[in-house]
Amino acid sequence: MVTIEIDGIELKVNNGSMLIEAADEAGIRIPRFCYHKKLSIAANCRMCLVEVEKAAKPLPACATPVTEGMKVHTRSPKALAAQKSVMEFLLINHPLDCPICDQGGECELQDVAMGYGGDVSKYAEKKRVVREKDIGPLIATDMTRCIHCTRCVRFGDEIAGLRELGATGRGEHMEIGTYISKAVSSEMSGNVIDVCPVGALTSKPFRYSARAWEMRQYESIAPHDCIGSNIYLHTRRGRVMRVVPRENEAVNETWISDRDRYSYEGLYSADRLTVPMMNVDGEWRETEWDTALEAAVSGLKDVVDHSGAPQLGALIGPSTTLEEMYQVQKILRGLGSDNIEHRLRQRDFSDQDAAPAFPWLGTPLAALETANAILLVGSDIRREQPIAGHRVRKAHVAGAAVFAVNPVDYDFNFALEHKLVVDPRRMTSALAAIARHLVTITGATNPAGLDKLVQSPEYDTAARAIAERLRQAGRSTLLLGASAINHQNFAAIRMLSALIAELSGSTLGYLSDGANGSGAWIAGAVPHRGPGAQAVQTSGKNLAQMQGSGMAGMLLVNCEPDLDLAEPQSTMQMLKKAEFVVALSSYKSPALLNSASVLLPITPFSEMPGTFVNAEGRWQSFEPAVAPMGEARPGWKILRVMGNLFDLSGFDYMSAVEIRDELQKLVGDVAKDNSLAWRAPEAGQIDGGTLVSISDIPIYSVDALVRRAPALQKAQKLLGPGFRISAALARKIGLKDSQEVKVKQGDREARIAVEIDDRVPESCVWIHADISDASKLGAGYAPIVLEKA
Amino acid sequence: MNAQVKEMSKLALLTAADLKEIDSEIAKYPEEQRQSAVMAALRIVQDSNQGSLNQDLMDAVAEYLRMPPIAVYEVATFYSMYEHKPVGKHKVCVCTNISCMLRGSDGIVSHLKQRLGISFGEVTEDGKFSLKEVECLGACCGAPMFQIGKQYYENLTPAKVDEILDNLD
Ligand code: SF4
Ligand code: FES
Ligand code: FES
């Protein structure tokens with residue numbers, strides 16, 4: 001600690017901190033442009049000049065370390081003169097086009113110019129003009145306004161880990177750009193809009209649509225991933241105009257992913273369901289709430305009466321709020337059915353009894369970045385959970401070794417120290433190899449049945465290296481991602497990962513699906529456990545069992561049956577065969593119109609209160625920012641009325657908060673324990689075939705809302721058609737890049753253009769489900785046949 | 001989003017001789033500091049490609065030095081000795097900075113423009129000469145001056161300029 005004095009105020013500050021940090025902490029405002037607390041120090045704008053006693057010239061506060069006894073004046077005549085001159089220079093080439101600039105009203109340049117600028121410009125010469133650049137569908141550029149603070153360049157370099165923006169040219173000719181116009185490809189690229197202190201980088205979809213001072217700001221929680229980034233919704237006249245980050249150091253720091261930033265556009269998609277609808281003799285009719293609710297309830301009652309409660313099931317999207325999930329299971333269980341499922345993309349349920357009370361990250365999110373070693377198991381973490389990916393990158397930058405056992409050689413913004421990129425059929429044997437080495441290293445007893453799983457001597461070097469590093473790391477963690485959790489042999493992958501974690505002293509974490517994949521377990525939205533993992537009398541049917549046996553009646557909540565499930569085909573068939581299907585949805589998609597009997601419009605997250613539990617087990621509640629659209633109503637209200645119409649007790653809630661409090665009281669502190677006792681897993685086979693498909697959900701297809709956000713969809717298009725094979729396989733079949741190929745899977749056939757991509761193992765086809773025509777094919781990890789068309 | 005991973009390698013654009021020379025530059029720096037050789041590498045590549053760079057060549061340098069391409073573009077566009085458009089066989093770099101200006105560089109420039117029929121930044125039709133305006137080359141005591149290739153020519157007069165140009169093939 002050193003003692004300094006700023007503007008006559010004595011401060012005790014940390015040794016080594018910069019003047020600007022000390023001033024910020026004490027609430028003394030020093031103007032700045034290039035300084036940003038999350039970025040490295042560039043000290044290139046000079047706006048932060050202050051007078052330091054005994055120094056000959058004014059010094060930049062952002063780059064001047066504090067020293068004992070330093071006396072600083074931020075508003076002395078000398079400091080002010082320096083600041084005013086810098087301001088004048090910065091404005092020389094600035095277009096001063098605030099009236100047509102989207103940043104107007106929330107512009108750091110405008111604010112500082114108000115304080116330090118002259119009222120008339122002395123500069124009468126020509127100003128430079130810089131052409132706009134097209135850097136993709138998300139960010140608009142007006143580079144003439146750029147003041148060359150390089151915050152955006154440093155963001156790309158230091159935070160996004162992709163150096164794409166840069167400063168080319170020099171002096172007056174300096175320009176910020178990607179040089180060759182190129183879509184900025186970071187999954188967090190939108191943050192440059194917030195770091196840019198001027199109107200050079202602004203939001204493209206939001207452009208010219210509202211002024212900062214016309215909008216109201218509401219706190220909310222992002223509804224797409226297991227992080228639950230804290231956000232603000234900015235609204236005008238009852239409409240969400242844009243989304244910006246809300247700082248929460250423990251969760252998302254000051255960042256949000258592009259998915260969280262731009263998905264709001266989907267709130268106003270033309271196919272929003274805003275009126276209750278009923279299918280009367282094959283024809284869809286809009287109707288009153290009363291009629292629709294009665295029809296829904298009596299239809300479901302009929303199913304229970306005629307076919308029995310076990311013939312009734314519910315599928316709940318994993319981004320549904322805690323309150324809704326809890327009520328859905330309360331209704332179903334009240335009617336005598338435990339067939340409640342939220343694990344819509346999962347395929348292997350064989351070990352569900354051994355699953356933790358709720359699948360959690362294994363460590364607080366912020367602690368991820370202090371790990372010394374991280375093993376990603378089946379995760380394209382950047383695209384699945386961008387903010388968690390950012391924490392892993394931070395760990396890597398701080399020196400952690402990161403490893404992956406993945407079905408595709410995903411491109412990360414950190415280097416992998418070792419990787420096992422394996423055919424999904426060999427995921428278990430790759431993990432078993434690592435576990436086996438740990439047994440040797442630790443001298444533990446060899447768990448029965450482990451040796452049988454090790455089939456891959458070729459993974460040996462990497463497997464041993466990973467085992468050793470995990471063991472030595474001190475603080476290490478395993479993270480299970482989507483292609484582990486949705487794998488046909490998830491049980492074996494989970495068991496082996498738990499073993500590796502135990503032997504190496506690592507934590508084991510889940511990167512669960514949706515915004516409330518953790519909360520779903522707490523709310524009891526699983527067939528074999530009630531709220532808070534309480535035992536149920538008899539376990540209900542899980543997704544696979546429902547698909548297998550068929551169901552007479554179904555309740556769908558936030559679930560688009562053709563896109564949100566691992567096996568869309570068999571789900572659609574199950575629904576078609578069902579007698580009665582009720583869907584609570586914010587959208588009327590063709591698949592729902594095809595399969596449901598009643599559609600009840602529920603509101604998306606922006607129009608209702610609710611709670612998401614993130615992967616850390618953090619309960620984050622939010623309030624509505626705007627009124628429900630049309631006749632749509634918050635799900636908790638509709639479910640409460642349904643509970644009453646079913647004559648069930650305990651549905652007298654007056655608010656969503658009451659539901660949450662009831663659940664919280666019921667479950668108390670849910671145990672955070674992902675450990676698992678060894679039980680030799682089945683080796684598991686994906687039967688037959690030489691080629692197998694790896695289908696994963698592309699970043700902007702994860703749920704109904706993002707699928708309807710136009711700018712994100714444009715960004716996703718840049719990914720290409722999403723049907724990829726390795727060059728070696730292409731050569732074998734005799735295919736060139738972009739050539740069409742005949743694809744057969746199960747009893748379905750399609751013609752699709754292939755993209756050659758060597759990140760895919762030779763025995764696999766990598767399919768972006770949903771983008772590609774291939775989504776019309778069958779299952780995720782399944783045999784597939786390619787023939788020359 | 002997917003950082004495009006499928007981009008083709010452009011390394012083939014660098015000749016074996018270039019690579020050898022670049023390697024000897026890389027060797028001057030610590031192992032993990034390959035990128036320190038970027039300025040030398042750009043010069044080498046520019047010299048063996050008729051005196052100018054293009055995006056493919058810069059990408060190739062980036063790939064070889066394992067740098068983000070944009071970082072190479074930054075260097076290549078910052079320093080004035082790198083050319084991004086084709087230049088003549090002889091690149092005439094005329095200083096117009098203060099000492100040269102006071103000693104009559106304006107006259108030298110207009111004489112050059114007239115004789116060659118081109119302005120700054122252009123190449124003569126036969127591809128033999130190009131003209132470039134540069135800042136002080138540190139030869140003020142011999143002002144006005146220009147540089148062609150590695151050679152400085154000082155105390156220029158129009159007659160002297162003609163003589164110099166006539167003697168270049
Ligand atoms: S675009 Fe914005 S953030 Fe980037 S250098 Fe210019 S002013 Fe700074
Ligand atoms: S903020 Fe200090 S120089 Fe820019
Ligand atoms: S001013 Fe021309 S060489 Fe210095």
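In what follows, chains carry the letters A, B, and so on, assigned in the order in which the sequence lines appear, proteins first and then strands, with residues in each chain numbered from 1.
One distance of note links OG1 of Thr77(B) with CD of Glu175(A); it measures 9.0 Å at 0.5 Å rounding. To the nearest 0.5 Å, atoms CG (Leu162(A)) and CD1 (Ile70(B)) are separated by 12.5 Å. Note that the CD atom of Glu74(B) and the CZ atom of Arg170(A) stand 14.0 Å from one another [nearest 0.5 Å].
Enclosure of atom CG in Leu102(B) by more than 12 non-hydrogen atoms of other residues, nucleotides or ligands within 6.0 angstrom is indicated. More than 12 heavy atoms of other residues, nucleotides or ligands shown are found within 6.0 angstrom of CD on Glu32(B). In the displayed structure, Lys132(B) atom NZ is contacted under 6.0 Å by more than 12 heavy atoms of other residues, nucleotides or ligands. Few gaps surround CD on Gln33(B); more than 12 heavy atoms of other groups in view lie less than 6.0 Å from it.
Annotation for Ala71(B) and Arg163(A): closest pair CB-NH2, 4.0 Å, computed over non-hydrogen atoms.
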